[in-house]
Number of protein chains: 2
Amino acid sequence: MSANVNQPDPTRERLLLEAERLFATKGYAAVSVRQITAAAETNSAAINYHFGGKKNLYLEVFRQRWRPRAHSTMAKITPLLEADDLSVEKVIRTAIDALWKGPLSHDSQEFFLHGALIHRELHNRTEAWDILVEEAIVPFYDLLYRIFLRIDPTVQKAKVMLNCMSMFSQLVFFSHARPIAQQVMGQPPPEDVEAILADHITAFCLHGMNQTGDQP
Amino acid sequence: MSANVNQPDPTRERLLLEAERLFATKGYAAVSVRQITAAAETNSAAINYHFGGKKNLYLEVFRQRWRPRAHSTMAKITPLLEADDLSVEKVIRTAIDALWKGPLSHDSQEFFLHGALIHRELHNRTEAWDILVEEAIVPFYDLLYRIFLRIDPTVQKAKVMLNCMSMFSQLVFFSHARPIAQQVMGQPPPEDVEAILADHITAFCLHGMNQTGDQP
DNA sequence: GTCTATAGCAGGATAGAC
DNA sequence: GTCTATCCTGCTATAGAC
């Protein structure tokens with residue numbers, strides 16, 4: 001009858017939660033353990049007790065909170081390996097759905113932080129980079145390659161990689177540079193910016209990838 | 001006959017130089033004034049004397065070093081406003097040349113830092129953000145819009161903006177995520193990765209932008 | 001396990017000699 | 001203008017009471 005049988009340590013969980021939020025929004029160096037412990041409403045020694053230091057806490061954020069979400073995102077794309085009606089457009093739409101409405105979404109605060117952490121590692125690499133590459137980046141692009149191989153068995157791996165990265169780059173850009181988009185396009189923004197952007201990216205990538213050989 | 005008539009204050013210049021390098025590579029919070037002054041081979045009080053504090057030094061990096069390069073990049077695209085043989089491809093190639101071989105280039109360390117600073121501001125905004133938006137981002141997209149307007153006077157501004165941002169996103173991604181590209185495409189990388197990426201982006205954007213209305 | 005107190009150190013900024 | 005010495009604040013990490 002205990003309520004927290006599935007919560008092995010609430011304090012530890014709260015620390016991970018707040019740590020992710022702060023690291024993702026401000027960056028590792030700009031956040032102090034005191035800020036995290038204050039946000040998690042515990043004492044300043046808690047991080048050292050539970051994780052053995054600030055650095056280990058950062059890594060644990062990736063292991064405990066980032067990793068499971070990355071896997072669930074992959075799981076949304078994997079079915080395409082056996083889907084019947086496969087097309088370039090369907091792959092693009094599925095990938096955008098999985099990432100854009102998943103890790104890179106603006107609506108879900110949790111997934112926004114997920115994407116922000118990737119970005120920060122991209123520019124300031126730590127040991128967490130290895131986790132990212134091994135468990136998310138390489139498998140993600142490999143999966144997409146195997147899917148595109150089903151559509152066109154003669155496709156070049158390098159070309160697929162480049163195309164997928166072009167798609168990915170737009171997803172991360174528009175998810176994090178939303179303020180730019182609105183500032184440049186001129187205020188006020190409509191409510192359905194998300195859908196407009198998703199449609200734009202889909203169309204842009206569809207044409208960008210469907211280069212029917214007439215290009216030098 | 002004095003040699004440094006054009007160098008108003010060598011110490012100040014060295015501080016700006018090293019500050020830009022360190023801020024761009026490590027980020028504002030992760031860099032200490034002691035590191036900067038040590039790199040500039042001066043005393044630890046120099047920053048406060050010359051700039052009045054760490055924060056002002058950061059802003060001065062944008063004013064003194066970032067701004068002129070941004071303007072010279074714009075100058076490379078401006079001639080298209082009056083060019084005779086205008087085409088979508090030419091605009092794309094010119095923009096990629098100006099940015100990719102300019103601010104976002106990997107070859108030129110100076111311009112690499114320039115791009116890195118944009119990226120950091122994108123994710124951790126400070127007062128420098130206003131300089132960026134006013135002097136670079138808005139004018140840049142406005143300029144491209146006016147150029148595309150010459151090609152097709154009926155083009156929608158919002159669509160141009162989105163297309164240009166899609167192009168820009170790939171440029172910044174591939175310039176900073178080069179390690180990912182090589183890691184995902186599999187080692188070893190050829191020497192002309194830069195050219196391959198530039199060609200890919202050009203082709204991808206050309207097709208992505210040339211959506212001839214056959215798209216739902 | 002939780003918390004307070006504090007050690008030990010590095011940070012930015014400043015005062016004042018030269 | 002340059003530098004040293006120093007102040008004070010804030011940091012991480014730890015010791016030890018409870």
Side-chain angles (χ1 to χ4, degrees), chain A residues 2-64 117 120 124 126-128, chain B residues 2-64 117 120-121 124-128:
Chain A
S2 71
N4 53 355
V5 70
N6 270 337
Q7 294 163 5
D9 196 330
T11 333
R12 201 187 137 100
E13 283 308 306
R14 259 182 299 130
L15 282 170
L16 281 169
L17 188 79
E18 297 298 331
E20 177 177 41
R21 185 177 62 81
L22 287 165
F23 284 145
T25 50
K26 293 165 171 284
Y28 179 82
V31 175
S32 69
V33 298
R34 290 161 132 95
Q35 280 175 54
I36 301 170
T37 52
E41 289 174 318
T42 181
N43 64 87
S44 66
I47 284 177
N48 281 284
Y49 173 76
H50 282 287
F51 304 97
K54 183 187 176 185
K55 197 173 173 181
N56 274 328
L57 167 59
Y58 181 74
L59 289 175
E60 207 61 17
V61 164
F62 278 85
R63 283 192 279 259
Q64 299 286 326
L117 282 174
R120 297 214 174 265
N124 257 19
T126 70
E127 284 101 297
Chain B
S2 70
N4 53 353
V5 71
N6 269 336
Q7 295 162 4
D9 195 330
T11 336
R12 203 187 135 100
E13 283 308 305
R14 262 183 296 129
L15 282 170
L16 281 169
L17 187 80
E18 297 299 330
E20 176 176 40
R21 186 177 61 81
L22 287 164
F23 284 145
T25 50
K26 293 163 172 286
Y28 180 82
V31 174
S32 69
V33 297
R34 292 167 135 93
Q35 279 176 56
I36 300 170
T37 51
E41 289 174 318
T42 180
N43 63 87
S44 66
I47 284 177
N48 280 286
Y49 173 76
H50 283 286
F51 304 96
K54 181 187 176 184
K55 197 174 173 180
N56 275 329
L57 167 59
Y58 180 74
L59 289 175
E60 208 59 18
V61 164
F62 278 86
R63 282 191 280 259
Q64 298 286 329
L117 282 174
R120 298 212 174 268
E121 272 300 317
N124 258 17
R125 288 181 222 151
T126 70
E127 283 101 295

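Reminder, nothing fancy here: chain letters follow the sequence lines and each chain counts from 1. It should be emphasised that the depicted structure is a prediction, and the values quoted were computed from it without experimental measurement.
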State, to 0.1 Å, how close [X] and [Y] come at their nearest heavy-atom pair, and which atoms those are.
X: A40(B); Y: L15(B); result: CB-CD2, 3.7 Å
X: A19(A); Y: V61(A); result: CB-CG2, 4.0 Å
X: A39(A); Y: L22(A); result: CB-CD1, 4.3 Å

| message | Holding to salt bridge (charged side-chain N to carboxylate O under 4.0 Å, His left out), I want the full list of residues that pass it with R120(A), two or more places apart in sequence or in another chain. | response |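 None.
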| message | I'd like to know if the side chain of N124(B) and the backbone of K26(A) have a donor-acceptor N/O pair within less than 3.5 Å. | response |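 Yes; at least one donor-acceptor contact below 3.5 Å.
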| said: Is there a side-chain contact between I36(B) and L57(B) in this structure, where contact means two heavy atoms from C-beta onward sitting under 4.5 Å apart? | reply: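 A side-chain contact under 4.5 Å exists here.
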| message | Let me confirm one number: the CG-CD distance from N56(A) to E127(A), rounded to the nearest 0.5 Å. | response |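 Answer rounded to 0.5 Å: 8.5 Å.
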| task | Could you grab the distance from atom CZ of F23(B) to atom CD of E121(B), nearest 0.5 Å is fine? | result |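 Rounded to the nearest 0.5 Å, the CZ-CD separation comes to 11.0 Å.
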| query | Going by heavy atoms closer than 4.0 Å, what residues in residues 45-55 of chain A are next to DNA chain D? | reply |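 Heavy-atom contacts with DNA chain D come from A45(A), N48(A), G53(A), K54(A).
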Throw together a table of side-chain donor-acceptor distances under 3.5 angstrom for residues 47-55 of chain B, partners on residues two or more places apart or in other chains.
unit_1 : atom_1 : unit_2 : atom_2 : d
K54(B) : NZ     : Y28(B) : O      : 3.2
K54(B) : NZ     : V31(B) : O      : 2.8

| request: Answer yes or no: are there more than 12 heavy-atom neighbours, outside Q64(A) itself, under 6.0 Å from its atom CD? | output: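 Atom CD in Q64(A) is packed in, count exceeds 12.
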| Which pairs with one or both residues in residues 14-24 of chain B pass side chain to side chain donor-acceptor pair (under 3.5 Å), sequence neighbours excluded? |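 Those involving residues 14-24 of chain B are E18(B)-R21(B), E20(B)-R65(B), E20(B)-R69(B).
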| field | T11(A) side-chain N/O to dT2(C) phosphate OP1/OP2 under 4.0 Å | value |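 So the side chain of T11(A) is within the cut-off, an N or O lying under 4.0 Å from OP1 or OP2 of dT2(C).
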| request: Would you indicate, yes or no, if dG12(C) has its OP1 or OP2 atom less than 4.0 angstrom from a side-chain nitrogen or oxygen of S44(B)? | output: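 For dG12(C), OP1/OP2 do not have a side-chain N/O of S44(B) under 4.0 Å.
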Rounded interatomic separation in angstrom, taking [atom1] from [X] and [atom2] from [N]:
X: Q35(A); N: dG10(D); atom1: CD; atom2: P; answer: 12 Å
X: I36(B); N: dA10(C); atom1: CD1; atom2: P; answer: 18 Å
X: N43(A); N: dC18(D); atom1: CG; atom2: P; answer: 16 Å

If you restrict it to nitrogen or oxygen atoms, what contacts under 3.5 Å exist between nucleotides 7-9 of chain C and the protein, and what is each distance?
none

| field | Sub-4.0 Å heavy-atom contacts from residues 15-33 of chain B onto DNA chain C, ordered by number | value |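 Close to the strand are V31(B), S32(B), V33(B).
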